There are 2 protein chains.
Amino acid sequence: MRRDVFQAIADPTRRAILTLIALQAMTPNAIAEHFDSSRQAISKHIKILTECQLLRQEQTGREIYYHFNPRKIKEVDTWVEQFRTMWESRFDQLDELLKKQNLKNKES
Amino acid sequence: MRRDVFQAIADPTRRAILTLIALQAMTPNAIAEHFDSSRQAISKHIKILTECQLLRQEQTGREIYYHFNPRKIKEVDTWVEQFRTMWESRFDQLDELLKKQNLKNKES
DNA sequence: TATACATGCAACCAATCGGTTTCTCAAATT
DNA sequence: AATTTGAGAAACCGATTGGTTGCATGTATA
């Protein structure tokens with residue numbers, strides 16, 4: 001049972017659930033109302049998100065409120081981090097770098 | 001054929017390929033040497049990464065060099081962005097905020 | 001206490017995934 | 001010209017996925 005964050009956010013429905021829960025903790029029934037799938041299908045998604053700790057439960061009576069855990073989504077950000085400098089260096093910045101190197105070549 | 005970036009990076013082998021290619025463009029054979037799977041299995045991963053534009057091809061003779069496309073991985077960053085403020089507001093920062101509010105309450 | 005409600009779990013199903021082996025094709029090498 | 005090499009495509013296979021329906025259980029409510 002591979003249950004890592006990347007596999008969890010691969011599904012668009014699960015990403016939508018996260019966006020929903022991030023705004024406000026909700027019960028499975030309340031979450032399911034936002035989707036066309038059955039309550040059980042949504043419950044399965046919630047289970048997967050909970051198993052990889054993207055959500056945590058808070059039981060009150062017979063209702064279970066699911067809360068979003070920001071720290072876990074940070075793992076994705078950490079992985080993406082290694083590429084950030086690459087898209088931040090735009091073409092014009094690259095051009096500037098090349099110009100400088102040409103200058104340097106001229107000088108030497 | 002669902003071919004979005006999130007589904008592409010769900011697989012750990014594909015994430016490793018991206019990390020590899022980000023450093024240097026490589027041919028399928030060169031990539032496959034870094035893994036235990038067969039060349040064809042790696043080729044399938046490359047195909048998926050290419051189809052969602054995380055990689056782009058550059059053919060030279062019979063060899064094909066695969067380049068990393070940073071702009072596409074930015075899509076993941078954009079999605080994660082909506083949660084960033086949530087994990088950046090740590091408990092101590094929240095405590096400070098509460099202290100300030102207490103102060104404000106005292107003053108008023 | 002009987003009934004309705006909220007939730008989770010199990011069984012089932014078609015589709016997809018990640019891997020393999022085999023084959024084809026074009027380009028390089030001999 | 002014959003052979004080797006790099007790469008993609010096809011066929012196949014077991015495991016997993018995402019969905020369904022039906023059932024079990026604990027909690028509120030009439």
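Keep in mind the model is a prediction, meaning the values are calculated, not measured. Labels below follow one simple rule: chain letters A, B, ... track the order of the sequence lines, proteins then strands, and each chain is numbered from 1.
Atom CD1 of B:I46 and atom P of D:dG8 are 7 Å apart (whole Å). Atom C1' of nucleotide C:dA6 and atom OH of A:Y66 are separated by 11 Å, given to the nearest angstrom. In this entry the distance linking CD of A:Q57 with P of C:dT7 reads 11 Å, nearest Å. Counting to the nearest Å, the C1' atom of D:dA9 and the CD atom of B:E51 are 12 Å from each other. Rounded to an integer number of Å, the gap from B:I48 CD1 to D:dG8 C1' is 14 Å. Rounded to whole angstrom, the span from the CD atom of A:E63 across to the P atom of D:dA28 amounts to 9 Å. Taking atom CD of B:Q59 as the reference point, atom P of D:dT5 lies 19 Å away to the nearest angstrom. Counting to the nearest Å, the P atom of D:dT5 and the CD1 atom of B:I64 are 18 Å from each other.
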Using atom types as modelled, flag every donor-acceptor pair under 3.5 Å from a side chain in residues 38-50 of chain B to any protein atom, sequence neighbours excluded.
unit_1 : atom_1 : unit_2 : atom_2 : d
B:S38  : OG     : B:A41  : N      : 3.2
B:H45  : ND1    : B:R14  : NH1    : 3.0
B:T50  : OG1    : B:I46  : O      : 2.7

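For residues 5-35 of chain A, the ring pair (Phe, Tyr, Trp, His ring centres under 6.0 Å) pairs, not counting sequence neighbours, are A:F6-A:W79.
Judged as a side-chain contact (heavy atoms from CB on, under 4.5 Å), and not counting sequence neighbours, the contacts of B:H67 are B:A25, B:R56, B:E58, B:Y65. The salt bridge (Lys or Arg N to Asp or Glu O under 4.0 Å) test applied to B:E81 returns B:R84, not counting sequence neighbours. Partners of A:E75 according to the side-chain contact (heavy atoms from CB on, under 4.5 Å) rule, which considers only residues two or more places apart in sequence or in another chain, are A:V5, A:K72.
Residue B:Q59 comes nearest to B:G61 through the heavy atom pair NE2-O, 3.3 Å, listed as atom of the first residue, atom of the second, then distance. Taking all atoms of both residues into account, the shortest heavy-atom contact from B:I73 to A:V80 is O-CG1, 4.5 Å.
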Check your understanding: Which letters describe nucleotides 19-26 of chain C, given B = protein heavy atom under 4.0 Å from base, S = only from sugar-phosphate, - = neither?
Key -> BBBB----
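Contact annotation: B:N29 side-chain N/O to D:dA7 OP1/OP2 distance is under 4.0 Å. Under 4.0 angstrom from either OP1 or OP2 of C:dT7 there lies no side-chain N or O belonging to A:S43.
Place A:R14 and A:T60 on DNA chain D by their nearest nucleotides, and A:R14 ends up nearer the 5' end.
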